[in-house]
Protein chains: 2
Amino acid sequence: MADVARLAGVSSQTVSRVSNGHPSVVESTRRQVLNAMQQLGYRPNSAARALKRGEFRTIGVILFTLATTGNSRTVEAIAAQAAQEGYAITLIPVAMPTQDGVLGAFTRLGELAVDGVIVIMEVHLLDAANLTLPPGVQVVVVDSDAGDRYPVVDTDQADGARQAVRHLLDLGHETVWHVTGPAESFSSERRAAAWRDVLTEAGRPVPPVQRGDWSALSGYEAGLQLAAEPSCTAIFCANDQMALGVLRALHERGRRVPDEVSVVGFDDIPDAASYLPPLTTVHQDFAEVGRRCVQGLLDQIRRHSLEPGTVLVPTTLVARASTAPPPVFQ
Amino acid sequence: MADVARLAGVSSQTVSRVSNGHPSVVESTRRQVLNAMQQLGYRPNSAARALKRGEFRTIGVILFTLATTGNSRTVEAIAAQAAQEGYAITLIPVAMPTQDGVLGAFTRLGELAVDGVIVIMEVHLLDAANLTLPPGVQVVVVDSDAGDRYPVVDTDQADGARQAVRHLLDLGHETVWHVTGPAESFSSERRAAAWRDVLTEAGRPVPPVQRGDWSALSGYEAGLQLAAEPSCTAIFCANDQMALGVLRALHERGRRVPDEVSVVGFDDIPDAASYLPPLTTVHQDFAEVGRRCVQGLLDQIRRHSLEPGTVLVPTTLVARASTAPPPVFQ
DNA sequence: CACCCTCATGTTTACGCAAACATCACACCA
DNA sequence: TGGTGTGATGTTTGCGTAAACATGAGGGTG
């Protein structure tokens, strides 16, 4: 900076003012400084800047994996929105979804240059790990029921599941079977609860749950079980990938979709439209979730206030070719 | 820090030594300092640290999208490896895959606190945008042929494609049709070139290429074309998602896979094993790519030397149920 | 014409940390 | 007993920036 100042024939403070767009610099001076900057290839040192300003203009994102559609799409939206607000985002991967893993991530977090954190994971893991957020670090949580303690942004899981189950009942199915996700997952539990509620409200029998782990393979295994149930004509899968596995199992067992069995997924990943048959599923707006996260976090950072509460992003049912009225028994 | 020093009854320098694990601090002193730190909730200010040390211990990752399996898996591996080396990673999304978008990302990069950058995208876009990397920032590029100018880490696209095509020829197919990715993609071009080479070397006819855009939908459209070609018995798709679309098109047109037509993909995404039928595909080791990127970049950062050259990560063919010998014509 | 105000610019200082150097106590040896 | 070395700890300093304050030139007003 001093070099630039010398070359431009001004003080370093003026250089600082130019690089921050301060108004009270006369146009001719500004141009000289800009010129000198370019000539010397000057770029401000962000560490010094952060030190002086007391903020990093960076958001940390803590998550287990980018391998799920939901996570990677959410992170992408977070990154885009943050960039627009002039914030960078730092990824803090949690090596393993265990207390130790989480603890490790938070330890690293303590030394990281972030003004706030977005946590994309089950909060009960946070609780279990007995964590304390570094003071001054704000937080927003995704995919959680901790709305009473933290600001939470999430897809409206319950409503999405309700739409899926109602859609199947409306088509005339007697009841709906369910392939759920892992028990540790809040989304998974929420979808299952909504499925159960709709059936109960409608006075329908609630069949036993098939448990998967979000993977297509686990869906396949669940599908083999369901294919063996002659009374099963409608299946609601907690995500699209498990639905893919279910479709394969039904196909292999010779049960035609949607003529004999209807299948609904959740997420609306791009591939779902190309499944055999194209999958009816619940569309999640991950981009909106990401956007809301950043907005919520920046609000907190600017106002220095933590306001618990849950923001729900709505879902829509996308009807494709995997659902139809049940076969007529006589 | 001064507060901690006061409480522990030592100098601030000793606090610094403790927080950096410097050896020459006596155990009793260390414990006192640690105690004081905990009591006061002290955590080192990473901005000041970076300022003093002249390095940020952060790696930037520039990419267009996390929506593709390859990118998100690579980023995940980069993040994991970087964390292990004590580096954080900062995501720098490029809003749009245009010159302006790239230029914008690099402008932001100039102000970011990173010691090096991993660029996951087509380098010709970099060239086109006439970019200069900020001095002192090292770079590693993924998915590119710029091995003469930058260090490049990439999957061995050509070998993977060769394995796929040979597999089909070995099964007895007369020739192999190809669904390629977008023309701007280096990976896509490389796979297509290898496909062509193998056919030419084997003296087989080279059918016209069907061009897709990586999406399952584009694969579906290409598949409709191919389904109408009676002579087409083997299809090599440049990625798994397009293969998914091709499978759907063939199914809808009543062409059975693999009895009448064989299909091979590329990537080996987890879902590929659950397609109808389970897809034979080329497995990419994204995790290894990510690891090598970080290693290469840290090497550069530590030695301050840029060494162009390409590191190729090998691929393996995973044979599943979508390939078989061609139907016998008589 | 003297006063004061405004605005561009310069000077000083501190942000929090750690390298470099300084100091001091103690042990060991001749 | 004095000298010397070693290792623990303290003191000084500067990293690059921007806020706060200081300066000084010009312009307007009574």
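Chain A is the first sequence line, chain B the second, and so forth, proteins listed ahead of strands; every chain is numbered from 1. Predicted model, so just to flag it, every value in this text is computed and none were measured.
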For this session: Hey, could you give me the CZ/CD distance between A:Arg292 and A:Gln81, rounded to the nearest 0.5 Å?
Result: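 Answer rounded to 0.5 Å: 10.5 Å.
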Phosphate OP1/OP2 of [N] contacted by [X] side-chain N/O (<4.0 Å):
X: A:Ser24; N: C:dT9; result: no
X: B:Thr14; N: D:dG10; result: yes
X: A:Thr29; N: C:dT9; result: yes

Seminar exercise, completed: Expected string for nucleotides 20-25 of chain D under the B/S/- scheme (protein heavy atoms, under 4.0 Å, primed atoms plus P, OP1, OP2 as sugar-phosphate) is B-----
Figure out the [atom1]/[atom2] separation between [X] and [N], and round it to whole Å.
X: B:Arg53; N: D:dT13; atom1: CZ; atom2: P; result: 23 Å
X: B:Glu27; N: D:dT9; atom1: CD; atom2: P; result: 11 Å
X: A:Asn20; N: C:dT9; atom1: CG; atom2: P; result: 16 Å
X: A:Phe56; N: D:dG16; atom1: CZ; atom2: P; result: 18 Å
X: B:Arg30; N: D:dT9; atom1: CZ; atom2: P; result: 10 Å
X: B:Glu55; N: D:dC15; atom1: CD; atom2: P; result: 17 Å
X: A:Gln32; N: C:dA8; atom1: CD; atom2: P; result: 16 Å

Exercise. More than 12 non-hydrogen atoms from neighbouring residues, nucleotides or ligands closer than 6.0 Å to CD on A:Glu27, yes or no?
Worked result: yes
Applying a 4.0 Å non-hydrogen cut-off, can you work out what [X] is touching in the nucleic acid: base, sugar-phosphate, or nothing?
X: A:Val15; answer: nothing
X: B:Ser12; answer: nothing
X: B:Val10; answer: sugar-phosphate

Exercise. Is there a side-chain contact between B:Asp154 and B:Arg190, using heavy atoms and a 4.5 Å cut-off?
Worked result: no
Can any side-chain N or O of [X] pair as donor or acceptor with the backbone N or O of [Y] at less than 3.5 Å?
X: A:Ser12; Y: A:Ala2; value: no
X: B:Thr310; Y: B:Val152; value: no
X: B:Asp156; Y: B:Val313; value: no

Just the atom pairs and distances: protein N or O near nucleotides 14-16 of chain C's N or O, under 3.5 Å.
none

Problem set entry | Heavy-atom closest contact (B:Gly60 atom, B:Ile92 atom, distance) | CA-CD1, 4.2 Å
Without placing hydrogens or testing angles, list every side-chain donor-acceptor pair under 3.5 Å for residues 61-68 of chain A, not counting sequence neighbours.
from, atom 1, to, atom 2, distance (Å)
A:Thr65, OG1, A:Ala67, N, 2.8
A:Thr65, OG1, B:Glu76, OE2, 3.0
A:Thr68, OG1, A:Asn71, N, 3.3

Exercise. Going by distance alone, is a donor N or O of one side chain under 3.5 Å from an acceptor N or O of the other, for A:Arg49 and A:Ser19?
Worked result: yes
